[in-house]
Engineer: 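This is the structure I want to talk about, given as structure tokens.
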There are 2 protein chains.
Amino acid sequence: MAADGFELQAQLFRALSHPVRLQILNVLARTEACVCHLNAALNRPQPYVSQQLATLREAGLVSDRREGTLIYYRLADGRIAGWLERGRELVKNGDGNPIPFPPAPPEVVPHCPCPHCQR
Amino acid sequence: MAADGFELQAQLFRALSHPVRLQILNVLARTEACVCHLNAALNRPQPYVSQQLATLREAGLVSDRREGTLIYYRLADGRIAGWLERGRELVKNGDGNPIPFPPAPPEVVPHCPCPHCQR
DNA sequence: CGAATACGTGCAATAGTTGGAATATGCAAG
DNA sequence: CTTGCATATTCCAACTATTGCACGTATTCG
């Protein structure tokens, strides 16, 4: 309960200190997505994706919306995407500085059953 | 070696996911400081401060400069302070939203032997 | 040289994170 | 109510971080 600002800010950063969670946020930066979409886009087991989403949700970074059996996730705050993007500029690569960021995954993912991919 | 951008970015966030390290960066955001100054300003044992500084140094967030027996630390990149400041706007406090950030420590700290405080 | 001061490092006990597997829940259709 | 699908939670072993403390290193001064 004695959580001062630094402790809260540290909790936010802890939620961000995981490559798969950053990958998820990278997908959500362009569009909301259901769990099955992230499951297919990241090629990770569904319970694993759900766990990371729970961490992001508890940190207040994403929010969710149910639509039938699907649950769509999106960034909780419009400023998050731009802030993360600016954070990338600060990443250094050991000796040199070029930052090998993988391309964002395609918006339509094969074998994803969600309405957004089935068209 | 198989460190993609997300892994590197996660390492950056991991270095930031600690309240004492955030406190150190908060001091360094206004001025460079020697270890003994941080030691006094944060009221933490010197080896403990050194360890946190080592973590920040390995993450590329701070750089250091020796001057006699003192070692001065500063933010490694001018954009870091502003980016951290903007990150605070995203911190939510459980239910409500007000963010109780402690005030920045004073520039001159009692019992600090560094030239900046002895005047 | 030796002593004093400012920092850094190594170690060990404790605590927290990770990621896979099994299982549980919640909704819709039949 | 049962089945089936989408998603969530729980459990657990391996791994990693935290933090206090003793000791090591580097620089200056006498």
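Computed from heavy atoms alone, side chains included, the values below leave out hydrogens, waters and symmetry copies. Letters go in sequence order (proteins before strands), and every chain restarts at 1. Fair warning: this is a prediction, and the values are worked out from it, not measured in the lab.
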Engineer: Starting from C1' on D/dT9, measure out to CG on A/Leu56 and report it in whole angstrom.
Structural biologist: 16 Å

Engineer: Would you give me the side-chain donor-acceptor pairs under 3.5 Å for residues 11-19 of chain B, sequence neighbours excluded?
Structural biologist:
from    : atom 1 : to      : atom 2 : distance (Å)
B/Ser17 : OG     : B/Arg14 : O      : 2.7
B/His18 : ND1    : B/Val20 : N      : 3.1

Engineer: Quick one: list whatever passes ring pair (Phe, Tyr, Trp, His ring centres under 6.0 Å) with A/Tyr72, sequence neighbours left out.
Structural biologist: none

Engineer: What one-letter contact string describes nucleotides 22-30 of chain C from 5' to 3', where B marks a base within less than 4.0 Å of any protein heavy atom, S marks contact via sugar-phosphate atoms alone, and - marks no contact?
Structural biologist: B---SSS--

Engineer: Run the side-chain hydrogen bond (donor to acceptor under 3.5 Å, both in side chains) test against B/Arg79 and tell me which residues pass, sequence neighbours left out.
Structural biologist: B/Asp77

Engineer: Apply side-chain hydrogen bond (donor to acceptor under 3.5 Å, both in side chains) to B/Glu85 and list each qualifying residue two or more places apart in sequence or on a separate chain.
Structural biologist: none

Engineer: So, taking the atom named CG in A/Asn39 and the one named OH in A/Tyr48, what distance separates them when rounded to the nearest 0.5 Å?
Structural biologist: 12.5 Å

Engineer: Could you list by number each residue of residues 17-28 of chain A showing a heavy-atom separation from DNA chain D of less than 4.0 Å, or answer none if no residue does?
Structural biologist: none

Engineer: Measure the CG-CZ distance between A/Leu75 and A/Arg30 for me, rounded to the nearest 0.5 Å.
Structural biologist: 12.5 Å

Engineer: Given atom CZ of A/Arg14 and atom C1' of C/dG16, what is their separation to the nearest angstrom?
Structural biologist: 8 Å

Engineer: Just checking A/Arg44: base, sugar-phosphate only, or nothing, at a heavy-atom cut-off of under 4.0 Å?
Structural biologist: nothing

Engineer: Hey, could you give me the CD1/SG distance between A/Ile71 and A/Cys114, rounded to the nearest 0.5 Å?
Structural biologist: 13.5 Å

Engineer: From D/dC21, C/dG8, C/dG20, pick the nucleotide closest to the side chain of A/Tyr48?
Structural biologist: C/dG20

Engineer: How close do B/Cys36 and B/Leu70 get, heavy atom to heavy atom, and via which atoms?
Structural biologist: SG-CD2, 4.5 Å

Engineer: List the atom of A/Leu8, the atom of B/Lys92, and the distance in Å for their closest heavy-atom pair.
Structural biologist: CD2-O, 4.3 Å

Engineer: Could you measure the distance from the CD atom of B/Gln52 to the CG atom of B/Leu38? Nearest 0.5 Å is fine.
Structural biologist: 11.5 Å

Engineer: Applying side-chain hydrogen bond (donor to acceptor under 3.5 Å, both in side chains), name anything that partners A/Asn26, two or more places apart in sequence or on another chain.
Structural biologist: A/Arg88

Engineer: For residues 53-68 of chain B, which side-chain donor-acceptor pairs fall under 3.5 Å, sequence neighbours excluded?
Structural biologist:
from    : atom 1 : to      : atom 2 : distance (Å)
B/Thr55 : OG1    : B/Gln51 : O      : 3.3
B/Arg57 : NH2    : B/Tyr73 : OH     : 3.2
B/Arg65 : NH1    : B/Glu67 : OE1    : 2.4
B/Arg65 : NH2    : B/Glu32 : OE1    : 3.4
B/Arg65 : NH2    : B/Glu32 : OE2    : 2.2
B/Arg66 : NE     : B/Gly68 : O      : 3.2

Engineer: Output all residues satisfying side-chain hydrogen bond (donor to acceptor under 3.5 Å, both in side chains) with A/Gln46, sequence neighbours left out; order by chain, then residue number.
Structural biologist: A/Ser50

Engineer: Using five pairs at either end of the helix from C/dC1-D/dG30 to C/dG30-D/dC1, determine the angle between the two local helix axes and round it to 10 degrees.
Structural biologist: 20°

Engineer: Taking the side chain as everything from C-beta on, heavy atoms only, tell me whether B/Gln9 gets closer than 4.5 Å to A/Val91.
Structural biologist: yes

Engineer: Could I get a table of every N or O pair under 3.5 Å where one atom is in the protein and the other is in nucleotides 12-14 of chain D?
Structural biologist:
none

Engineer: Just call it for A/Tyr73: base, sugar-phosphate, or nothing, with non-hydrogen atoms closer than 4.0 Å on any strand.
Structural biologist: sugar-phosphate

Engineer: Measure the distance from CD on A/Gln51 to C1' on C/dG20 and round it to the nearest whole Å.
Structural biologist: 9 Å

Engineer: Rounded to the nearest 0.5 Å, how far apart are CD of A/Gln23 and CG of A/Asn43?
Structural biologist: 10.0 Å

Engineer: Can you tell which of C/dC11, C/dG19, C/dG8 lies closest to the side chain of A/Gln52?
Structural biologist: C/dG19

Engineer: Expressed in angstrom and rounded to an integer, what is the separation of B/Glu7 atom CD from C/dT18 atom C1'?
Structural biologist: 12 Å

Engineer: Among residues 32-43 of chain B, which ones have heavy-atom contacts with DNA chain C below 4.0 Å?
Structural biologist: B/Cys34, B/Val35, B/Cys36

Engineer: Do B/Arg86 and A/Arg86 have side chains that get closer than 4.5 Å, going by heavy atoms?
Structural biologist: yes

Engineer: Closest-nucleotide mapping onto DNA chain C: is A/Thr55 or B/Ile71 further toward the 5' terminus? I mean the 5' end.
Structural biologist: B/Ile71

Engineer: Could you state the CZ-P distance from A/Arg65 to D/dA8, rounded to the nearest angstrom?
Structural biologist: 14 Å

